[in-house]
Amino acid sequence: MQKNIYNWFYFENKIADKTWKLASVSLAAQVFTLPACIYYFHQFPLLFLISNMVAIPLSTFALWGCIALLFVSPIPLAASLLGKVVWLFIWLLNHSVLIISNISFALWDKISISVTGVLLLYIIFSALVYWLLKKDLMALKIALLIALVFAGITSFNKWQSFHQKKMIVYNIATHQAIDFIQGQTYHFISDTSLVKDELLQNFNLKPARIALMLTSESSLPGVLINKNNFYQFYKKRIVLIDSTLHYSPLSKKIKADYIIISKNPGIKIASLAHTFDCNFYVFDASNSLWKIGQWKKECEELHLHSHSVSEQGAFVTDF
């Protein structure tokens, strides 16, 4: 009886020790990859300890099972049975991670951080670890000082985001995509196909909006006025041309700061120049390159400025 009790406590302590080691490794790995994860993926898993405690053992069994599968592959029956076991581990891994990720507070996302912020976080973590291991008070003071600098930079970036006024014409092939931005709010103009494609939006638009700390979408009443294809954002006038129209010369030209051309309209820059008093033309990524080439040549001949989103990247201007 005494031996059984001893064996039980030994087994229990062994499990506790393994669990503690697994949690320690998981915590250490997560802490030192945290800055890079935030920088590249703009998110942080809050339940990483729980998910790692499940994912690490299952992924380990699946990995060793795949290696063993290579050796038993000449034996069809053994390979079939082992393959089913490996499939079970992979299925459990995927579904356990999905279940945890569906918890409402499992993920903290839309985090924006600069390269400088990443370096500062690594200095803070390194100094804190050194303080914990060596009991060096100077390392703690350095960590606190750098944390104060990091907080100051983050607060300044937040303040800047509240006062930003921008227009962005995104570089998404074959699509029209424009954001008018006031503070942390934006108004999005796009074609129907892009509006319906959430995957394409997340890949192309979400990183930029996170970097600019945008939090909500709005029609921006009071600062953005729209009538047909004419927009006024603060004191700037923008004309959006996305269809083939014929513009007749006017006795007095229409003043515009930017003309954005989308969707391959059959127009001539000279015809637009007779109607609009505008010195800057933007050709978005929904236009074909050969048409953009023709329009750019016309702009050069008329001494007008132009920007090709497909060739020069997204067009970003402050107001």
Minimum side-chain heavy-atom gap Ile269-Glu301 below 4.5 Å: no
Verdict with reasoning, Val282 to Ile261, per side chain to side chain contact (heavy atoms under 4.5 Å, CB included): CA-CA 6 Å; Val282 180; Ile261 300 179; over 6 Å; no
Matching residue for Ser262 among Asn287, Asp191, Asp284 - test: side-chain hydrogen bond (donor to acceptor under 3.5 Å, both in side chains): Asp284
More than 12 heavy atoms from other groups under 6.0 Å of OH on Tyr40: no
Separation between NZ of Lys255 and CZ of Arg237, rounded to the nearest 0.5 Å: 8.5 Å
Contact summary for Gly65 and Leu82, nearest pair of heavy atoms: O-CD2, 3.8 Å
Any donor-acceptor pair under 3.5 Å from Lys291 side chain to Pro265 backbone: yes
NZ or CZ of Arg209 within 45° of Phe188 ring axis and under 6.0 Å: yes
Minimum side-chain heavy-atom gap Gln232-Lys236 below 4.5 Å: no
Beyond-backbone contact of Tyr258 with Val169, side-chain heavy atoms, under 4.5 angstrom: no
Thr275 vs Lys253 side-chain heavy atoms within contact, under 4.5 Å: no
Phe125-Tyr130 aromatic ring centre distance below 6.0 Å: no
Approximate separation, where rounding is to 0.5 Å, of His95 NE2 and Ile99 CD1: 7.5 Å
Test item: His305 side-chain N/O and Cys299 main-chain N/O as donor-acceptor pair under 3.5 Å: no
Pair Tyr281-Phe315, ring pair (Phe, Tyr, Trp, His ring centres under 6.0 Å): steps then yes or no: CA-CA 11 Å; Tyr281 288 76; Phe315 177 72; over 10 Å; no
Between Tyr186 and Ser218, a side-chain donor and acceptor under 3.5 Å: no
Evaluation steps, side chain to side chain contact (heavy atoms under 4.5 Å, CB included), between Ile113 and Phe150: CA-CA 10 Å; Ile113 189 173; Phe150 177 79; 4.1 Å; yes
Trace of the side chain to side chain contact (heavy atoms under 4.5 Å, CB included) decision for Leu194 with Gln176: CA-CA 8 Å; Leu194 180 58; Gln176 177 191 80; over 6 Å; no
Residue pair Ala62 / Ile90: nearest heavy atoms and the distance that separates them: CB-CG1, 4.0 Å
Donor-acceptor pair between Ser161 and Gln184 side chains, under 3.5 angstrom: yes
Between Asn204 and Tyr170, a side-chain donor and acceptor under 3.5 Å: no
Side-chain (Ser73) to main-chain (Leu70) donor-acceptor, under 3.5 angstrom: yes
Crowding at CZ, Phe32 (>12 non-hydrogen neighbours, <6.0 Å): yes
Which atom of Asp257 lies closest to which atom of Lys235, heavy atoms considered: OD2-O, 3.9 Å
Same cluster (ILVMFWY, side-chain, under 4.5 Å), Phe71 and Leu81: no
Joint hydrophobic cluster, Leu133 plus Leu128, side-chain heavy atoms closer than 4.5 Å: yes
For Asp136 against Met138, the heavy-atom pair lying closest together: OD1-N, 2.9 Å
Close side-chain approach of Asp318 and Lys165, heavy atoms under 4.5 Å: no
Parallel, tilted or perpendicular: ring planes of Phe156 versus Trp159, cut at 30 and 60 degrees: parallel
Under 3.5 Å: donor-acceptor pair, side chain of Asn264, backbone of Gly266: no
Aromatic plane relationship, Phe44 with Trp108 - under 30° parallel, 30 to 60° tilted, over 60° perpendicular: perpendicular
Donor-acceptor contact below 3.5 Å, side chain Gln164 vs main chain Leu212: yes
Whether Ser80 side chain and Pro76 backbone form a donor-acceptor pair below 3.5 Å: no
Cluster check Leu137, Leu148: I/L/V/M/F/W/Y, side chain < 4.5 angstrom: no
Side chain to side chain, Ile260 and Val239, heavy atoms closer than 4.5 Å: no
Side-chain touch Lys206/Gln201, heavy atoms, less than 4.5 angstrom: no
Closest heavy-atom pair and its distance - Ala79, Leu69: O-CD1, 3.4 Å
Atom pair CH2 (Trp295) and CG (Leu272), whose distance is rounded to the nearest 0.5 Å: 9.5 Å
Nearest heavy atoms of Cys66 and Val86, plus distance in Å: SG-CG1, 3.7 Å
Between CG on residue Asn229 and CD1 on residue Ile241, distance to nearest 0.5 Å: 8.0 Å
Spacing of Ile238 atom CD1 and Phe233 atom CZ [to the nearest 0.5 Å]: 8.0 Å
Heavy-atom side-chain proximity of Ser306 to Phe283 below 4.5 angstrom: yes
Main-chain N/O of Phe162 paired to Gln160 side chain as donor or acceptor, under 3.5 Å: no
Chi angles and distances behind the side chain to side chain contact (heavy atoms under 4.5 Å, CB included) call for Ile178, Ser190: CA-CA 6 Å; Ile178 305 167; Ser190 177; over 6 Å; no
Separation of Thr192 OG1 from His175 NE2 (nearest 0.5 Å): 11.0 Å
cation_pi(Lys166, Phe319) dist<6.0 Å, angle<=45: no
Any donor-acceptor pair under 3.5 Å from His42 side chain to Ser112 backbone: no
Asp197 side chain to Ser193 backbone, donor-acceptor under 3.5 Å: no
